[in-house]
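By convention here, the first residue in the shown sequence is residue 1.
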Amino acid sequence: QVYELDFVIEPHRETSFRVERVAANKTWTEPDVQWSLWRLVRGGAGADDDDAAGGASRVLLATATGASLAHTCTEVASLELQWRGARAGANASAAATRRGACRYVRREIRSLTAGDRRKYLAALRVAHELSDAEGQAKYGARFVSAQYLAALHNAQSWCYHFGCVFFTSHPAFQLALERSLQAVEPSIATPYWDFLLDSASYGGDVLRESVLFTDEYFGPVPAVGNNH
């Protein structure tokens with residue numbers, strides 16, 4: 001379990017739920033399962049049903065009958081999955097309720113699939129190529145350009161380095177960029193770079209040796225001394 005959750009799925013990625021076992025060493029074969037997937041709503045406004053446990057209400061997202069349920073969440077949410085089934089030709093039944101969440105998941109950039117890496121880099125390129133006006137006209141108000149963020153970061157009226165403000169300002173910049181990229185491609189979660197892996201392998205030759213600075217990722221760095 002992760003954070004006391006039974007499952008975590010990601011937004012804008014189809015997920016399939018399937019019954020594999022109902023108890024240790026007992027395989028559930030040929031199930032006739034009734035599925036329902038709910039979004040839990042704190043406060044209950046507009047919900048379809050009440051869930052007394054935890055004070056949440058529920059909004060029905062999907063139902064299915066059969067061996068599995070497939071669904072694509074489109075937003076971050078707390079979820080509840082219910083299933084009830086009876087084995088065909090046998091006097092046996094089972095039911096379960098599982099709590100989960102739909103969350104964006106950050107991964108080390110080299111662990112992205114090739115498809116996810118291409119989506120991320122393509123969206124990043126859009127942020128660099130379009131102006132704020134062009135991007136917002138095409139992708140909506142959450143789009144901000146790389147030029148805007150660079151100007152904000154390099155503002156002459158405020159220094160975002162060499163002080164405690166660094167620790168709050170840069171996550172804010174990163175969140176603004178991530179939301180902009182999600183306006184272009186909603187499945188994106190900004191990856192992180194574990195540069196300690198490169199430092200341990202390449203020492204001072206990271207810019208020349210790391211795979212991140214190749215055409216497969218961000219392109220080579222034509223470094224001269226300390227000027228990059």
Side-chain angles (χ1 to χ4, degrees), residues 1-54 56-123 126 139-140 142 178-179 181-192:
Q1 291 185 342
V2 180
Y3 301 113
E4 299 183 351
L5 298 173
D6 297 306
F7 63 89
V8 175
I9 64 177
E10 297 180 65
H12 303 281
R13 298 173 186 268
E14 186 177 70
T15 300
S16 293
F17 298 93
R18 178 181 296 272
V19 178
E20 292 185 351
R21 295 190 309 174
V22 296
N25 301 319
K26 294 183 179 180
T27 302
W28 192 251
T29 59
E30 300 180 5
D32 180 17
V33 180
Q34 303 294 322
W35 299 86
S36 59
L37 180 66
W38 304 80
R39 177 168 60 88
L40 300 183
V41 181
R42 300 297 171 183
D48 296 333
D49 193 11
D50 289 330
D51 176 19
S57 296
R58 301 179 299 173
V59 176
L60 184 62
L61 297 178
T63 60
T65 301
S68 64
L69 177 148
H71 181 70
T72 302
C73 279
T74 58
E75 60 183 341
V76 171
S78 297
L79 303 173
E80 181 177 279
L81 178 70
Q82 298 178 337
W83 68 269
R84 181 180 299 275
R87 186 181 300 176
N91 185 21
S93 62
T97 298
R98 297 289 183 265
R99 291 292 178 92
C102 183
R103 297 285 188 270
Y104 285 101
V105 178
R106 301 198 189 284
R107 295 176 172 85
E108 211 281 333
I109 188 167
R110 284 161 290 200
S111 70
L112 296 179
T113 66
D116 285 345
R117 183 177 69 249
R118 286 193 293 268
K119 288 180 181 179
Y120 170 66
L121 294 175
V126 170
Y139 298 110
R142 293 181 64 171
E178 181 175 63
R179 288 176 173 173
L181 300 184
Q182 288 170 350
V184 178
E185 170 49 61
S187 66
I188 286 176
T190 302
Y192 63 92

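With values rounded to the nearest 0.5 angstrom, Arg118 atom CZ is found 11.5 Å from Leu112 atom CG. A distance of 5.5 Å separates NE2 of His71 from CG of Leu37, quoted to the nearest 0.5 Å. Here Ser111 contributes atom OG and Tyr192 contributes atom OH; the two are 6.5 Å apart, rounded to the nearest 0.5 Å.
Judged by distance alone, with hydrogens and angles left aside, the side-chain atoms of Asp6 form a donor-acceptor pair with the main-chain N or O of Arg99 at under 3.5 Å. With hydrogens and angles ignored, the 3.5 Å screen pairs no side-chain donor or acceptor of Trp38 with any backbone N or O of Leu61.
Counting all heavy atoms, side chain and backbone alike, Leu60 lies closest to Ser36 at CD1-CB, 4.1 Å. What you find for Ser16 and Ala70 is that their closest heavy atoms are OG-CB, 3.8 Å. For the pair Leu181 and Ile188, the tightest heavy-atom approach, listed with the atom from each and the gap, is O-CD1, 4.1 Å. Contact detail for Trp35 and Ala67: the closest heavy-atom pair is CZ2-O, 3.6 Å. Of all the heavy atoms in Leu69 and Ala62, the pair that sits closest is CD1-O, 4.1 Å. Considering all non-hydrogen atoms of both residues, His12 and Tyr104 come closest at CD2-OH, 3.8 Å.
Under the ring-ring contact (aromatic ring centres under 6.0 Å, His included) criterion, Tyr120 pairs with no residue at all, not counting sequence neighbours. Residues passing the side-chain contact (heavy atoms from CB on, under 4.5 Å) test with Thr15, sequence neighbours excluded: Ile9, Phe17. Residues passing the salt bridge (Lys or Arg N to Asp or Glu O under 4.0 Å) test with Glu75, sequence neighbours excluded: Arg39. Considering only residues two or more places apart in sequence or on other chains, Arg106 meets the salt bridge (Lys or Arg N to Asp or Glu O under 4.0 Å) condition with Glu178. A search for salt bridge (Lys or Arg N to Asp or Glu O under 4.0 Å) contacts involving Glu10 returns Arg13, Arg107, not counting sequence neighbours. In terms of the side-chain contact (heavy atoms from CB on, under 4.5 Å) criterion, residue partners of Ser78 (sequence neighbours excluded) are, by chain and number, Leu40, Arg103.
Inspection of the Thr65 and Gln34 side chains reveals an N or O donor paired with an N or O acceptor under 3.5 Å.
In this structure, Thr97 and Glu80 have side chains that are in contact, with non-hydrogen atoms separated by less than 4.5 Å.
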